[in-house]
2 protein chains.
Amino acid sequence: MSKATIYDVARVANVSIKTVSRVLNGEPKASAETRARVMEAARSLNYTPSLSARALSGSRSFLIALVSSGGVSDNAMLYVTELQMGAIQACRAGGYHLLTEYIDLGASDFTALTETLVSTLRVDGVILIPPLCDDPQLLSLLAQRGVTCVRISPTLDGSAEEKWGWGVDIDNYQAAFQMTRHLMDQGHRDIGFIQGHPKHAAAAQREAGYRDALFDGGPIPDRLIQPGLFTFDSGLSAARALLEQPRRPTAIFAANDSMAMAVLSVAYKMGIPVPSALSVAGIDDLPAASVVCPPLTTVRQPVMEMGAAAARFIIDRTAGQVGSYLKKVFDHSLVVRESTAPPT
Amino acid sequence: MSKATIYDVARVANVSIKTVSRVLNGEPKASAETRARVMEAARSLNYTPSLSARALSGSRSFLIALVSSGGVSDNAMLYVTELQMGAIQACRAGGYHLLTEYIDLGASDFTALTETLVSTLRVDGVILIPPLCDDPQLLSLLAQRGVTCVRISPTLDGSAEEKWGWGVDIDNYQAAFQMTRHLMDQGHRDIGFIQGHPKHAAAAQREAGYRDALFDGGPIPDRLIQPGLFTFDSGLSAARALLEQPRRPTAIFAANDSMAMAVLSVAYKMGIPVPSALSVAGIDDLPAASVVCPPLTTVRQPVMEMGAAAARFIIDRTAGQVGSYLKKVFDHSLVVRESTAPPT
DNA sequence: GACACTGGGGACAGCGCTGTCATTAAGCCC
DNA sequence: GGGCTTAATGACAGCGCTGTCCCCAGTGTC
């Protein structure tokens, strides 16, 4: 009862341990009858193979690491949590397990991290979250060691892209383009924009989408565009800069929800009613987005599915499939809630 | 370069592998000189021991599992994320690694989970999050298999408590008591309360704190107390029930922040200004609590530290320390923000 | 009938460590 | 100085699997 090994199963099924191993791993050489006998024995003994033993003797570890960095703060963590949820589910389905590792961005001991991942844990793959997924040093270290990487919302880096692993993302340009058009359709023309973190690829793409959607033949005045860092606090300053202008915009589109919520907060404090005097929109559809007042108009990305796809890619890859897309782009969708309305 | 083993280190240091093992594990028998030589060799080779091999041959796996359940939703996930953050940090410090497992509450295949944890992963300990940490079936399965458990915010179950593992928590009673007194100090007497999930131990304790603080010789009218489930949605209905009363309370204390935010949302929709016409308070200090309008008065618990303590307990325990408190109670603190004010 | 060939299955050697026990050199007591 | 303990180290046998090689029977094939 305490611990069934492959030997026990072999004895009960009256075959060699190698045959048990074959059956359990779905290898071809095994007659249907033998297979059934082994399965039955395994079930009756409540047998589960030891991960350590499999990893030690075989070439797979059944482990995937999700690496997140300290830089990620406040609400953005929800993004990570949701990704993780998806990854865990995909792992369960594939008999894998998810390790979560954490690294301080400051002390960049990427060598130690890599060594841990490769030598100590021998993970079958790594899921990298921004901004880690865009760090050339880390990426090349991992590539050197032959680690399968999946990058979440990575920078498109042309040539190097391929060797640095698969990626999952949404079409950030389109998302921002559509949101801007949504505001324009409501009649807004004076639409402020809060930029994302300059090192994050999605930030630039979202800004481009905004610019292209808004561009009507004339350039966009500088005063409409304020820098941000994807964090709530950075959104606060940007919102103030936008709203304290003599002729303030009728709508503000922030590059993500955290900053959009900051806009809501500043507007509240300044006594500017949303959406009647100011429309506010974001991107991400954080859980909190539907909870704030008024609920935020935003763009939803299928974060959980992206996490699941990331894990699945690693699992399939390790199992043999070689499929090497450059990256998979997921569908997004506009979520119109109450923070946007035609200007009055 | 690709993969240094203990043999390589032994060769370089000119000792046997057993000695390397001893040095690396901090076992006593090893001269200072040998120790230095081995350390140097290990460093120069960039050696990291293989977890699988260690787990297979030794009695420790250096793995801790954090088990969360599907029931956890929306903002509550942040609580889990923060716990996890703390646990990861403690793991890193102790050379451990954190696995995150997930289980659907509906399909209670706890046997499979336990088997995976014990046989497949051979984890050194498990961190259980509510409501999992209060499930007798799971707890007894794990206890049977001799798994070290740490329960987060567990139900105090007297007799059985001890054998079911260590626990970390805050003093929920005191937290609620103090918050209620804070509202009373501001002059509130008509203080509504939204209960937490009936299966969650903390819910009952918080309610008791509220009741005892408010009780002034007369019983508390039923209309002031509404059921909730710790979720935003449940908070919505409770808030409506409270605010649609002919004589509505001047303050509402929700058993957690998610529900307090729901109160904010309902008040906003009903045109009730907070805090001038209604004070709102919660417990947890979710990141979102400081972001909503107005920022929420709440009780902060040191969630990250609690996660770290949980992991540390398992690590120490596995390393030999036997220390068996029943549970560790962490300090909480009142965070007074803008959602509470004297009634007008 | 000899000769591949193939589907089904076993023997066996590790994977890289730790536990146990044995061994050696030193120190110590009377 | 012989027998004792003690500190420091090594030899060796696994831990529970998978990879590789090998064997054996049946089945065509000319």
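Chain identifiers are assigned alphabetically (A, B, ...) following the order of the sequence lines, protein sequences preceding nucleic acid strands; residue numbering begins at 1 within each chain.
Rounded to an integer number of Å, the gap from CZ of R60(B) to P of dG19(C) is 8 Å.
Of the listed nucleotides (dG10(D), dG16(C), dG19(C)), dG19(C) has the atom at the smallest distance from the side chain of S59(B). The listed nucleotides are dG16(C), dA8(D), dG16(D); the one nearest the side chain of S57(B) is dG16(C). In the set dG16(C), dT9(D), dC17(D), dC17(D) carries the atom at the smallest distance from any side-chain atom of I6(A).
Side-chain to base pairing of R22(B) with dG19(C): no donor and acceptor N or O lie closer than 3.5 Å to each other.
Within the 4.0 Å cut-off from OP1 or OP2 of dG14(D), not a single side-chain nitrogen or oxygen of Y7(A) is found. Between dG10(D) and T19(B), a contact under 4.0 Å exists linking OP1 or OP2 to a side-chain N or O. In this model, the phosphate group of dG9(C) is approached by a side-chain N or O of T34(A) to a distance below 4.0 Å at OP1 or OP2. The shortest distance between the side-chain N/O atoms of S31(B) and the OP1/OP2 oxygens of dT9(D) is below 4.0 Å.
When each of E33(B) and K18(A) is assigned the nucleotide of DNA chain D with its nearest heavy atom, E33(B) is the one assigned upstream, toward the 5' end.
In this structure, C133(A) and S153(A) approach most closely via the heavy-atom pair SG-O, 4.1 Å.
A donor-acceptor pair under 3.5 Å is formed between the side chain of S61(A) and the backbone N or O of R122(A). One N or O on the side chain of T120(A) and one on the backbone of P49(B) form a donor-acceptor pair closer than 3.5 Å.
Looking only at side-chain heavy atoms (C-beta outward), V150(A) and I64(A) stay at 4.5 Å or farther from each other.
Nucleic acid contact for S52(B): none, since no nucleic acid atom lies under 4.0 Å from a heavy atom of the residue.
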